[in-house]
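Scroll down for the structure; my scribbles are underneath it.
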Amino acid sequence: MNYIVSNTEQLLHAVEQSEQESDMEIVLEEGIYEIEHPLSPGNGTVLRGVPGKTILKGSKTIPLPEAGEDGICVVSLSNAGITDYGSFGEGPYDDFWEEYDIPKPHMCEFGPGLELFYRDGRLPLSRYPESGYLTITKALGQTPTFYRDEPNGTKEGIFQCDDPSVADWAEEPEPFLIGFWGLDWATQRHSVKSIDKNTGTIEVNPPYHRYGYRYGKRYMNETGGEFYALNLKCALKQPGQWCIDRKQGLLYLIPLEGQREVSVSLCKDLFLLEDREDITIGGLVLCESRECGVKAVSCRGITVEQCEVSHVGAWGILAENSTDCTICDCFVHHTAGGGIGVGGGCRDTLTSSHNLVENCRITEIAYWHKTYLAAIELTGVGCCARRNKIYNVPHFGLLYQGNNHVMEYNEIENACYESNDAGGIYAGRDWTCRGTIIRYNYLHHMPGRNNGGCTGIYFDDAVSSAEVYGNVLVGFYTGAIQLGGGRDYKIHHNTFYHCNVALRIDSRTRDWGEDALYPNLYRHLAEVPYQSEIWAKAYPELASILEQEPGLPLGNEFYQNTLIDCGGNMGGGEGVEQMLSMYDNTMLSPDLGEADAHFKPPYWNRIEVK
């Protein structure tokens, strides 16, 4: 049966009917549909709209009162019929860093909560400073912290910064802080316990950040000890800025020129699919929800195509523990969390999920979480990311964990712009993460936070075994590919242009990382039947890993690669060079003039991302 709908009431009725009828097609005419509760269509349902013109908003539009003499509108949420004010998502807490490796939990419920929108754009929470960060000048906790045996501030979140404006925050009802408190790759969000008006001392509410609150001494090129404040009435300066007093149920907003209304996010997930199958969502614009645009849990055969997902409080599109899901021809941007995540299959039997993310564009994600939520995440077994364009994302471009994934023909530009010690394609801390192929990708222009430098493909903290070939990596001055103590890699037929070092390799599990890494490496090993017949046949090197000096980066090969205008083949610690099999690589130093960060070898035209 087909339903043609033109308003929200008709859409809700059709979705409700789809749970009773099989193989229903719901056609949405162009227009705006305001959704207050998640849509959960029945099995076999197809929902299609007019691409770019059928818009589903998880928000409610309310009128604005007249602004006061100070130019601020004061909006009573309860008078507007809104009683759920949401909450700022604090964290991630200590267990995020202690219990979980990579990837981290999706953190969908820890987003910004209620948000405001106008004319298809997110209105910014008041922020101080308006750009950049404040720097901790004194850490006043009682317990010193260390990182790699170096002093690193204090454990307790009690600190000062050299800015007199902090004293004004003491009267604010709900100031909120986001910071790189200790390191450039580990953010945390804090509510504030107290602010001393006289000294400017800030104390945040625990749990405190795992890596402490740092000032002064730095590790390598990282800064750390930096933060900014949100939701300050005293920082309302520009049109479009707002803040919320949840105790009073009031919004404070400086309206834009001519603005007479505002949209307030209400709906959590626009589509929430649980234990569903064979559902297609196509040609829709999904926006302004508190959590995801589409969230599928334990589903099969979900297709999301030709959709634009933006301005959501968590992930754009997320398929967890699901199989045979396809996300294609979608544009995901301006999310508070990650971009597109797919995961499923069975690791015990190495049964593939057959999940696919293809020909999507992802940009400007993770404005709230900052780190560890990627543009595309692949987990479980047998996922594929193909012909995607990823650009301007604060942390990882492609993040994977599990087995037998394929990443091919993707372009990644300006990933990791808010982080260092990170990579455009990244995995970490798991000997069992094997069988993955990374091929024909183009990675370029990743200077990192404060130009600290990032890696193109980063195999971190002893994660092991992938085949890497046919990739083009341009302009990585700290290292294009890094093997952080891992083993059994085959890296061949790649092109490196204008990279200081093509490959960096170390044996961190034998030196500084031994105590930190071994517990989790052994734990992951025990979580899978790595000596079973299925696993031993698929990954024979893993079956005997504990008998082969597991702390050493053995079994790695780097061959038949081409290096153009590069500083060298590799960099590594003492003795590591002898553990790498390196042969038949070609180094060229042609007169190419000034280095072009967007150089593409001629043969790249054959695999250009469209």
Problem set entry | CA sep, side-chain torsions, deciding dist, call: Phe88, Phe110, ring pair (Phe, Tyr, Trp, His ring centres under 6.0 Å) | CA-CA 7 Å; Phe88 291 138; Phe110 292 95; over 10 Å; no
If only atom types and distance count, is the side chain of [X] paired as donor or acceptor with the main-chain N or O of [Y] below 3.5 Å?
X      : Y      : value
Arg449 : Asp184 : no
Asn500 : Thr478 : no
Thr154 : Gln142 : no
Arg214 : Gly182 : yes
Asp269 : Gly293 : no
Asn403 : Thr432 : yes

Exercise. What is the ring orientation for Phe496 with Phe558, classed by angle as parallel under 30°, tilted 30 to 60°, or perpendicular over 60°?
Worked result: tilted
For this session: Anything under 30° is parallel, anything over 60° is perpendicular, the rest tilted; go ahead and classify Tyr213 against His190.
Result: tilted
For this session: Enter the distance from Tyr252:OH to Cys243:SG here, rounded to the nearest 0.5 Å.
Result: 7.0 Å
Exercise. Can His395 and Trp185 be said to form a ring pair (Phe, Tyr, Trp, His ring centres under 6.0 Å), step by step?
Worked result: CA-CA 8 Å; His395 210 203; Trp185 40 265; 8.7 Å; no
Problem set entry | Cation-pi geometry met for Lys104 and Tyr372 (6.0 Å, 45°) | yes
Exercise. Does the pair Arg508 and Asp460 meet the rule for a salt bridge (charged side-chain N to carboxylate O under 4.0 Å, His left out), with working shown?
Worked result: CA-CA 10 Å; Arg508 61 187 63 186; Asp460 198 8; 2.7 Å; yes
Exercise. Would one find more than 12 heavy atoms of other residues, nucleotides or ligands at under 6.0 Å from atom NZ of Lys370?
Worked result: yes
